[in-house]
Amino acid sequence: MEQKITKNADGTLNVPDMPVIPFIEGDGTGPDIWRAAKRVMDSAVERAYSGKRKISWLAVPAGEKAWRETGEWLSDKTLDTLREYVVSIKGPLTTPVGSGIRSLNVTIRQKLDLYACVRPVKYIEAVPNPMKHPEKVDMVVFRENTEDLYAGIEWEAGTPEVRQVISFLKEKMGVEVAEDSGIGIKPMSEKNSKRLAARAISYAIEHCLPTVTLMHKGNIMKFTEGAFAKWGYAVAKEKFGGKTITEKELSDTYNGVRPEGKVVIKDRIADMLFQQVLLRPEEFHVIATPNLNGDYLSDALAAQVGGLGMAPGANIGDDCAVFEATHGTAPKYAGLDKVNPGSLILSGAMMFDYMGWKEAAGLIRNAVAAAVKSGTVTYDLARQIQGAKEVKCSEFAEAVIERM
């Protein structure tokens, strides 16, 4: 019998054997990669549970198709459905031009309070990449998703609104700003920073990972980025005091040897961290970061293991979660059955992990790795792998299913 996934007061999920999971197929190449990913996910569930479990997929409208059919890019009904059914998955969405919506992806995150953008980055053998030792890259980025510069609070240069802001800054705050400036506001709150850091630390503890790194630019932006790091350390002590130690405590108290079962909390300046994840990636396991830093870092890390085509992602809040492809819509390839569906397929594996369906998740990851290792890949990888067999989007899905 088809049922909704529900959430308990403690945050755990009640997942029936036949859950209803909403999906947004996405724009551009979204329908192509959705068809491929759906086949892989359904096959993984069938093979993992021998028919005892099955997903009932529920299509919900958003993006260009929704605009054509209803005149709304993202309706309240769609948002209500994503919230009501707790777990959902989506393809890439177009950013509307001149519609009053800055980004459909950002709107979904903010409206549903999906405050943690979670991006695991791990090398899949044989994927072309620029690194000498890509196998050392194995990190999970927790990016704060609701505030920072992405809050969208800004005023265009030359407008009456920006002149009011400039006047206020000059007259009330004693701050000089060039008259022809555009201005944006960077809010970062204690509550949102702490809940993001707490989720990252909890993940490290649950998965027995040795470190959580707080990424920030607090040497310059002391009361926003610097506060993010301060609040991260504070929540580690408040909520996880018995399971965490600081990097200073590691050195001073434990002679540099991490006690078993303890997670080391450390921080790195953003520009320094970009260098260190290239030079010493094995030293970083979970990274907690403000919104803008996290956007840059997660894409840069994806490039270290081969690009966004194989990078999964999720947006997770206290009430619901939306898993997604991390790349764009690539409209010039729409309908050609050409692009790599790996990102959405692996996001499906993340979704199954979140639901507690670990067996299905493992089948997907192992089969994707086997398909890539065999050289059976879509054009983006085939042009970089000597002797590869280039296949269509749908054929890559079939290759993955065959290797389960």
Side-chain angles (χ1 to χ4, degrees), residues 2-7 18-39 41-42 54-115 117 145-146 150-154 308 312-339 341 343-345 347-348 350-351 354 393-394:
E2 298 174 4
Q3 293 177 293
K4 297 175 186 176
I5 296 173
T6 58
K7 205 158 195 178
M18 294 188 67
V20 179
I21 297 182
F23 73 92
I24 298 169
E25 66 178 7
D27 298 325
T29 56
D32 289 345
I33 65 171
W34 170 251
R35 283 190 292 269
K38 178 181 178 297
R39 286 188 60 210
M41 289 185 282
D42 285 341
K54 186 177 181 180
I55 294 172
S56 177
W57 298 104
L58 174 64
V60 291
E64 290 177 332
K65 184 177 180 181
W67 171 255
R68 290 194 301 267
E69 293 178 357
T70 69
E72 290 188 275
W73 289 92
L74 180 64
S75 68
D76 289 341
K77 183 178 180 182
T78 289
L79 291 169
D80 290 343
T81 300
L82 298 180
R83 185 184 295 107
E84 179 184 355
Y85 285 85
V86 180
V87 174
S88 54
I89 189 167
K90 60 177 278 296
L93 290 173
T94 296
T95 296
V97 177
S99 70
I101 297 178
R102 291 174 181 272
S103 163
L104 294 175
N105 293 321
V106 171
T107 301
I108 289 171
R109 294 165 189 166
Q110 292 182 342
K111 293 286 188 181
L112 298 178
D113 199 24
L114 304 175
Y115 59 85
C117 179
N145 231 354
T146 64
Y150 282 32
I153 307 169
E154 60 177 352
L308 290 175
N315 300 290
I316 301 174
D318 292 333
D319 298 324
C320 58
V322 179
F323 297 79
E324 66 178 355
T326 59
H327 53 73
T329 58
K332 71 177 181 178
Y333 295 123
L336 300 182
D337 194 21
K338 184 178 179 69
V339 299
S343 174
L344 192 58
I345 289 171
S347 294
M350 278 186 77
M351 181 180 74
Y354 185 75
C393 174
S394 58

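Keep in mind that this is a model prediction, so the values were computed, not measured.
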Sorted by chain and number, sequence neighbours left out, ring-ring contact (aromatic ring centres under 6.0 Å, His included) with Phe23 holds for Trp34
Taken in chain and number order and not counting sequence neighbours, the residues that satisfy ring-ring contact (aromatic ring centres under 6.0 Å, His included) with Tyr354 are Phe323
Less than 4.5 Å apart, any side-chain heavy atom of [X] and any of [Y]?
{"X": "Thr94", "Y": "Leu104", "answer": "no"}
{"X": "Ile108", "Y": "Leu93", "answer": "yes"}
{"X": "Ile33", "Y": "His327", "answer": "yes"}

Which residues satisfy the side chain to side chain contact (heavy atoms under 4.5 Å, CB included) test with [X], sequence neighbours excluded?
{"X": "Gln110", "value": "Val106"}
{"X": "Asp337", "value": "Lys392, Cys393, Ser394"}
{"X": "Asp318", "value": "Tyr115, Arg199"}

Residue pairs passing the salt bridge (charged side-chain N to carboxylate O under 4.0 Å, His left out) test with at least one member in residues 325-336, sequence neighbours excluded, are none
Salt bridge (charged side-chain N to carboxylate O under 4.0 Å, His left out) pairs touching residues 59-68, sequence neighbours excluded, are Glu25-Lys65
Set of salt bridge (charged side-chain N to carboxylate O under 4.0 Å, His left out) partners for [X], sequence neighbours left out:
{"X": "Lys38", "value": "Asp42"}
{"X": "Asp32", "value": "Arg35"}
{"X": "Asp319", "value": "none"}

Point-to-point distance, once rounded to the nearest 0.5 Å, from [atom1] of [X] to [atom2] of [Y]:
{"X": "Leu74", "Y": "Asn105", "atom1": "CG", "atom2": "CG", "value": "9.5 Å"}
{"X": "Ser347", "Y": "Lys90", "atom1": "OG", "atom2": "NZ", "value": "9.5 Å"}
{"X": "Lys338", "Y": "Thr29", "atom1": "NZ", "atom2": "OG1", "value": "12.0 Å"}

On a heavy-atom basis, which atom in [X] and which in [Y] lie closest, and how many Å separate them?
{"X": "Gly28", "Y": "Pro31", "value": "O-CD, 3.4 Å"}
{"X": "Ile89", "Y": "Met351", "value": "CB-SD, 4.1 Å"}
{"X": "Leu82", "Y": "Ser88", "value": "CD2-OG, 3.4 Å"}
{"X": "Gly30", "Y": "Pro92", "value": "CA-CD, 4.1 Å"}
{"X": "Lys54", "Y": "Pro19", "value": "O-CD, 3.4 Å"}
{"X": "Val86", "Y": "Thr6", "value": "CG2-CA, 4.2 Å"}

Asn145 side chain vs Leu114 backbone, donor-acceptor pair below 3.5 Å:
yes
Margin query: Tell me if a side-chain donor or acceptor on Ser343 pairs with a main-chain N or O of Thr326 at a distance below 3.5 Å.
Written below: yes
Sorted by chain and residue number, the side-chain hydrogen bond (donor to acceptor under 3.5 Å, both in side chains) partners of Thr70 (sequence neighbours excluded) come out as none
In short, side-chain hydrogen bond (donor to acceptor under 3.5 Å, both in side chains) pairs touching residues 74-84 with sequence neighbours left out are Lys4-Glu84, Ser75-Thr78, Asp80-Arg83
